Protein chains: 2
Amino acid sequence: MVDLGSRKRITIHDVAAAAGVSISTASKALNNNGRMGDETRERVKRVASDIGFRPNALARGLLSKRSFTIGLLTNDTYGRFTLPVMAGVSEALVDHGVSVFLCAIEDDPALGQNHVEAMLDKQVDGIIATGKRIDRSLPVDLSNLPVPVVYAFTEGTRDSVTFRSDDAHGATLAVEWLQQIGRRRIVHITGPKDFFSVRERADAYCTATGDTEPVLYGVWSESWGHDAIDRLWKRSGDRPDALFCGNDQIARGAVDALRERGIKVPEEVAVVGFDNWEIVAAQTRPPLTTVDMELKELGRQAGLTVLALAEGRPVKPGVRKLPCRLVVRQSCGGKPSED
Amino acid sequence: MVDLGSRKRITIHDVAAAAGVSISTASKALNNNGRMGDETRERVKRVASDIGFRPNALARGLLSKRSFTIGLLTNDTYGRFTLPVMAGVSEALVDHGVSVFLCAIEDDPALGQNHVEAMLDKQVDGIIATGKRIDRSLPVDLSNLPVPVVYAFTEGTRDSVTFRSDDAHGATLAVEWLQQIGRRRIVHITGPKDFFSVRERADAYCTATGDTEPVLYGVWSESWGHDAIDRLWKRSGDRPDALFCGNDQIARGAVDALRERGIKVPEEVAVVGFDNWEIVAAQTRPPLTTVDMELKELGRQAGLTVLALAEGRPVKPGVRKLPCRLVVRQSCGGKPSED
DNA sequence: AAATTCAGAGAAAACGTTTTCTCATTTGAC
DNA sequence: GTCAAATGAGAAAACGTTTTCTCTGAATTT
């Protein structure tokens, strides 16, 4: 059988007893408030640390109405977007002693409701909602909760605080990079038009290229990238000398298709992806230059914001767009390996 | 500014007042214990539900010493293994009202210690440790904690409960499948020999093939799969008619290399991967037949086990190996598309 | 009719903290 | 040498539950 040592937990009573003071004095000593002699304060602190006292967060939370706990709600099963966001949230909050409940609710409203209620019962200080696309909301209503809610990479309610990537900026980065290395016939191969991000990136692409270069809408898969190349090379007229792809999977499919046709990347066609999904981008041959949405930073800011709200600090509602970053690998030439 | 409606939270005092009973009676009514008239009990319950009462888990936990909260500790940044495990844990525990703290500690002992202490302060009922390989332990000592610890897909301490996949079983499944479809010259291309899983799979492969067919050790990347094919096809003697690869990335690299050489998969060479990492396995052309380690089920069992321990139910220590499952796609012929 | 059981319900303690209040003693000012 | 202020520390209430104990009547038994 598994032994827990059945160690009794050490409470402030033990500290008080060991230091020969009252519980209230012990508490005040440890929290650096109240009035007492320096010697007493130091002695209490030393004793507490010696016997390994750690205050019970449940008891503390009961009184302070702060549980130092927040919930991260997501419907992104794959974790493609959630993991970096989660990493950022956690990183920002661990220093404040805040732990994070992760709740994956798929697209199940009942499950979502379940998780939200469980979190509220546990008195979370706030909730961060995140998802897999910025123009869809989670299948659960978070609009009248007794705790602050911040949206990150998912659609929020009016008057809420929402963080998202600036996809237009990312697309502009990509296109301008391709133009800088001298490419002029840039084609945009991307996902389904009903994604807001897709339209936003396509618009930025059109603005940056100056004319309405062809935009090929499809799905988010490698095989669409592959097919798109077939389609482009089948038609007459000038062939592109660069591709800006809507995500790394499409880009990978396109790069593979080009290689199969004996077309050199990046010499004949330069390729830029989107997402910086390491597992795809770094394993493509050649590794993909791609746009990173800085989801970790997004998570960090969402974390700090929900903390601010929980502490009653005022935060202006609205949508905050965070800039993207171009990660240069070898699919455009330019800089050599960076990994 | 963001408005929280500053809704006062409803306590059992409100329920008692609204129902015209004492707090103790209200509590007993809601928990179906104590003695009182049926009418009283029903009235309290109705009132509670009407005014939307939900008990404060902090207060409850303070008394019962159960927080209905567990921690999941991982050093698998990518989430490749953690996400399915987490999904299983969460799925198994949500019905019991248990929420899960996810703590990604990378390989940083200080960060790990931080997170563990934060969780203990919050009185978690137990901790599940998980990681990225079964023969390494987390960079933090979990052996003398006041709460139960269960290990899942990471190395545990002596006398602990550890769940892991049965890699020998998985490898046997793969090889036997290849033999069933008539392949006789099966080569095993796999990862670094210092991984315990690698040795275990290789041993099972040797046992199943009956002789010491060649095992090619390398790294966990597509390019190694690619290189391995180059090496195999450069050397003299019989060419393999099947490959059993140590993970899906290697398998994908191998499949790509075969295609580039004009060798048909699965007609000339059948390929089986390992991991069933959707993003790799399903996007390979042809999609990979691969071994799934059933990490979600592993997580589910780990969750139920830590719950049992938290409730004081006895659990035998030891390593539990869970069977794998072969996911048939098209890289071996056999069944047609299943996705 | 007195003694016993039992149903129904409330009072109070407990969980581990923090915080406000109170009290006794010492210090400083006149 | 008296009085006000400051200092050091403890008592007690509070947070929202659950649980044990106690109390009051009424029903049942002798």
Side-chain angles (χ1 to χ4, degrees), chain A residues 7-45 47-48 51-69 97 118 120-125 146-147, chain B residues 7-45 47-48 51-69 97 118 120-125 146-147:
Chain A
R7 245 169 306 288
K8 281 285 303 167
R9 274 184 145 124
I10 295 159
T11 75
I12 201 167
H13 288 84
D14 304 317
V15 176
V21 297
S22 72
I23 295 164
S24 20
T25 302
S27 172
K28 286 180 292 189
L30 295 172
N31 292 293
N32 281 323
N33 53 25
R35 285 184 317 215
M36 75 197 59
D38 288 348
E39 193 276 331
T40 310
R41 195 180 294 277
E42 284 314 311
R43 176 162 42 90
V44 172
K45 284 184 174 176
V47 166
I51 66 180
F53 167 72
R54 310 223 87 219
N56 180 327
L58 263 44
R60 183 181 268 182
L62 190 54
L63 207 44
S64 68
K65 270 102 169 54
R66 290 268 279 113
S67 64
F68 289 90
T69 280
L120 291 178
D121 290 353
K122 280 157 194 144
Q123 313 292 114
V124 288
D125 296 334
V147 299
Chain B
R7 245 168 307 285
K8 280 288 299 170
R9 275 185 146 125
I10 296 159
T11 76
I12 201 168
H13 288 83
D14 303 318
V15 177
V21 297
S22 71
I23 294 165
S24 20
T25 302
S27 171
K28 286 181 292 191
L30 295 172
N31 293 294
N32 281 323
N33 54 25
R35 286 185 314 216
M36 76 197 61
D38 287 349
E39 193 275 331
T40 310
R41 196 180 293 278
E42 284 314 311
R43 177 161 41 91
V44 172
K45 283 184 174 176
V47 166
I51 66 179
F53 168 72
R54 310 222 89 219
N56 180 327
L58 264 45
R60 183 180 269 181
L62 190 54
L63 209 42
S64 68
K65 271 103 167 53
R66 291 268 279 111
S67 64
F68 289 91
T69 281
L120 291 178
D121 290 352
K122 279 155 197 146
Q123 313 292 116
V124 289
D125 296 333
V147 298

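Remember, it's a predicted structure, so these values are computed and weren't measured experimentally. Order of the sequence lines sets the chain letters (A, B, ...), proteins ahead of strands, with each chain counted from 1.
Axis deviation across the helix from dA1(C)-dT30(D) to dC30(C)-dG1(D) amounts to 60°, comparing end segments of five pairs, rounded to 10 degrees.
Contacts of Thr40(A) with the nucleic acid, taken as non-hydrogen atoms under 4.0 Å apart, involve only primed sugar atoms and P, OP1 or OP2.
As rounded to whole Å, 12 Å separates atom C1' of dA9(C) from atom CZ of Arg41(B). Look at CE on Met36(A): it is 16 Å from C1' on dA6(D), rounded to the nearest Å.
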Annotated protein contacts, base or backbone, on nucleotides 15-29 of chain D with a non-hydrogen cut-off under 4.0 Å, one of B, S, - each: BBBBB----------
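Residues meeting the salt bridge (charged side-chain N to carboxylate O under 4.0 Å, His left out) test with Asp125(A), sequence neighbours left out: Arg66(A). For the side-chain hydrogen bond (donor to acceptor under 3.5 Å, both in side chains) test, residues two or more places apart in sequence or in another chain that qualify with Asn32(A) are Lys45(A). With sequence neighbours left out, the side-chain hydrogen bond (donor to acceptor under 3.5 Å, both in side chains) criterion links Ser22(A) to Ser24(A), Thr25(A).
Sequence neighbours left out, the pairs with a member in residues 15-41 of chain B that pass salt bridge (Lys or Arg N to Asp or Glu O under 4.0 Å) are Glu39(B)-Arg43(B).
A donor-acceptor pair under 3.5 Å is absent between the side-chain atoms of Lys122(B) and the main chain of Ser67(B), judged by distance alone.
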Identify all side-chain donor-acceptor contacts of residues 51-59 of chain A below 3.5 Å with residues at least two apart in sequence or on another chain.
{"from": "Arg54(A)", "atom 1": "NH1", "to": "Asp121(B)", "atom 2": "OD1", "distance (Å)": "3.1"}
{"from": "Arg54(A)", "atom 1": "NH1", "to": "Asp121(B)", "atom 2": "OD2", "distance (Å)": "2.8"}
{"from": "Asn56(A)", "atom 1": "OD1", "to": "Leu58(A)", "atom 2": "N", "distance (Å)": "2.7"}
{"from": "Asn56(A)", "atom 1": "OD1", "to": "Ala59(A)", "atom 2": "N", "distance (Å)": "3.3"}

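Shortest non-hydrogen contact noted between Asp14(A) and Ile10(A) is OD2-CA, 3.4 Å.
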Verdict with supporting geometry, Arg9(B) and Gln123(A), side chain to side chain contact (heavy atoms under 4.5 Å, CB included): CA-CA 10 Å; Arg9(B) 275 185 146 125; Gln123(A) 313 292 114; 3.5 Å; yes
